[in-house]
Colleague: 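Below you'll find the structure I mean.
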Amino acid sequence: MSASHVKLYIPGPVEVSEKTYRAMCEPMMGHRSADFKALYAGIQPRLQKLFGTKRPVFLSTSSAWGVMEGSIRNLVRPEGKVLNTMCGAFSDKWFDISQRCGKQAVALQVEWGQPISPTRIEEKLAEGGFDALTFIHNETSTGVKNDLPEIAAVMKKFPEVMFIVDTVSSFSTEPIPMDDLGIDVLLTGSQKALALPPGLSLFAVSERALERAQSVEGRGYYFDFLEFAKNQATDMTPSTPTIALIHALRSKLEDIFEEGVEARHARHRANNSLVHDWVNTRGFEFFAPEGYRSLSLTCVKNNREVDVAAWIKRLRENHSLVIDGGYGKLKGKTFRISNMGDETGTTMREMLAALDSALES
Ligand SMILES: *Cc1c(COP(=O)(O)O)cnc(C)c1O
């Protein structure tokens, strides 16, 4: 690592291990070669296990927004509407994107810091005419973890409404069983919970969603679900993928299954509760209500009115690490601490000790 290495405890991108970087140094291969197909096919079983699905897992060379936009373009018909559930920066943006894709978007907004209400979803969908619903499991900007199982139960009453779920900052930190929950598109990105460099996103699409896509015009090419499915049949991607990142993903899957998926979930819970203890004992408050707090990051209310920017500057200069100073309109009013990726009890305690030290100085 370079001498100027500043360790990231921001909620993405997160710290990338040396093992992961080394995995990216494999010799280049043709993306239509037998070697690539073996790489692609080889990682499927583990990806399907993590996704909780029997469906194939597609690899998109884009950040998560590509697949988020793609989901809208593939699943919402011109005459249909999309219901955008909105509770923070990322989920709010989906409404904007739906409109930019020329779709009839309906906003279901709650105040930032609050979770999405299953009852309100049910009321809205009961009005009829909806083709899809967008939903963010873990709203990274506010640290709110929405109640996915409860909302999935509501969605089962509306099988014609495609259930699009973003798990960018929660994937692999807790069980998200796609098939059991009846999710139609489950998507995640590389640079957050998976602790890979940015540039790759992963997603799986239900059979009924693929059927829907067939009847939707204007899907484009790059994110056309049917192109992904067609290429998947021969262990390939529609266009040249980020092969180095797929090697990194293979290496990360090795790490995850060596640790054990349940042990990984437990480690995230334990690391998260170290941060929660720190918040409680230092007189800070949580931005998200109890019962709806993310397990992979913590959004802390700056009720002590600390100069967050100056604090983070000291963290960077004196401790070579950073946390996040609040997203968008929450800048300075909150700060966010990530426990995603490869963090251990030891590294989390080191980071929290640095927070204390830089807070006092
Ligand atoms: C970061 C994030 C995104 C956007 O990811 P990009 O990689 O920037 O496209 C979407 N949703 C959530 C929940 C995120 O945390």
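Counting convention: from 1, in listed order, for ligands and their atoms alike. Below, all heavy atoms of this structure are taken into account, side chains as well, without hydrogens, waters or symmetry copies.
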Colleague: Can you tell me the protein heavy atom closest to atom 13 (C) of ligand 1 and the distance?
Modeller: Thr140 OG1, 3.3 Å

Colleague: Give the contacting part of Glu139 toward ligand 1: side chain, backbone, both or neither, where contact means a heavy-atom distance below 4.0 Å.
Modeller: neither

Colleague: Where is the nearest protein heavy atom to atom 6 (P) of ligand 1: which residue, which atom, and how far?
Modeller: Ser63 OG, 3.4 Å

Colleague: Among all the protein's non-hydrogen atoms, which is closest to atom 7 (O) of ligand 1, and how far away is it?
Modeller: Gln191 NE2, 2.7 Å

Colleague: Determine whether the aromatic ring centres of residues Phe158 and Phe163 are separated by less than 6.0 angstrom.
Modeller: no

Colleague: Is it true that atom CD of Glu217 has more than 12 heavy atoms of other residues, nucleotides or ligands lying nearer than 6.0 Å?
Modeller: no

Colleague: Can you list the steps and then say if Arg336 with Thr140 is a side-chain contact (heavy atoms from CB on, under 4.5 Å)?
Modeller: CA-CA 9 Å; Arg336 297 179 301 161; Thr140 316; 3.9 Å; yes

Colleague: At less than 4.0 angstrom from any non-hydrogen atom of Asn138, what atoms of ligand 1 do you find?
Modeller: 13 (C)

Colleague: So which atom in Gly80 and which in Asp131 form the shortest heavy-atom distance, rounded to 0.1 Å?
Modeller: CA-OD2, 3.5 Å

Colleague: Hey, would you say the Phe135 and Trp94 ring centroids sit under 6.0 Å apart?
Modeller: no

Colleague: Among all protein heavy atoms, pick the one closest to atom 5 (O) of ligand 1 and tell me residue, atom and distance.
Modeller: Ala64 CB, 3.7 Å

Colleague: What do you reckon, does Met68 put a non-hydrogen atom under 4.0 Å from ligand 1?
Modeller: yes

Colleague: Just checking, Lys103 and Phe130: is the charged tip under 6.0 Å from the six-membered ring centre and within 45° of the axis?
Modeller: no

Colleague: Which one of Asp235, Thr240, Ile246 satisfies the side chain to side chain contact (heavy atoms under 4.5 Å, CB included) criterion with Phe36?
Modeller: Ile246

Colleague: Can you figure out which of Asp166, Thr167, Ile136 has its heavy atom closest to atom 12 (C) of ligand 1?
Modeller: Asp166

Colleague: Who's the nearest protein heavy-atom neighbour of atom 14 (C) of ligand 1, and how far?
Modeller: Lys192 NZ, 3.0 Å

Colleague: Would you mind checking which non-hydrogen protein atom is closest to atom 8 (O) of ligand 1, with the distance to 0.1 Å?
Modeller: Trp65 CD1, 3.8 Å

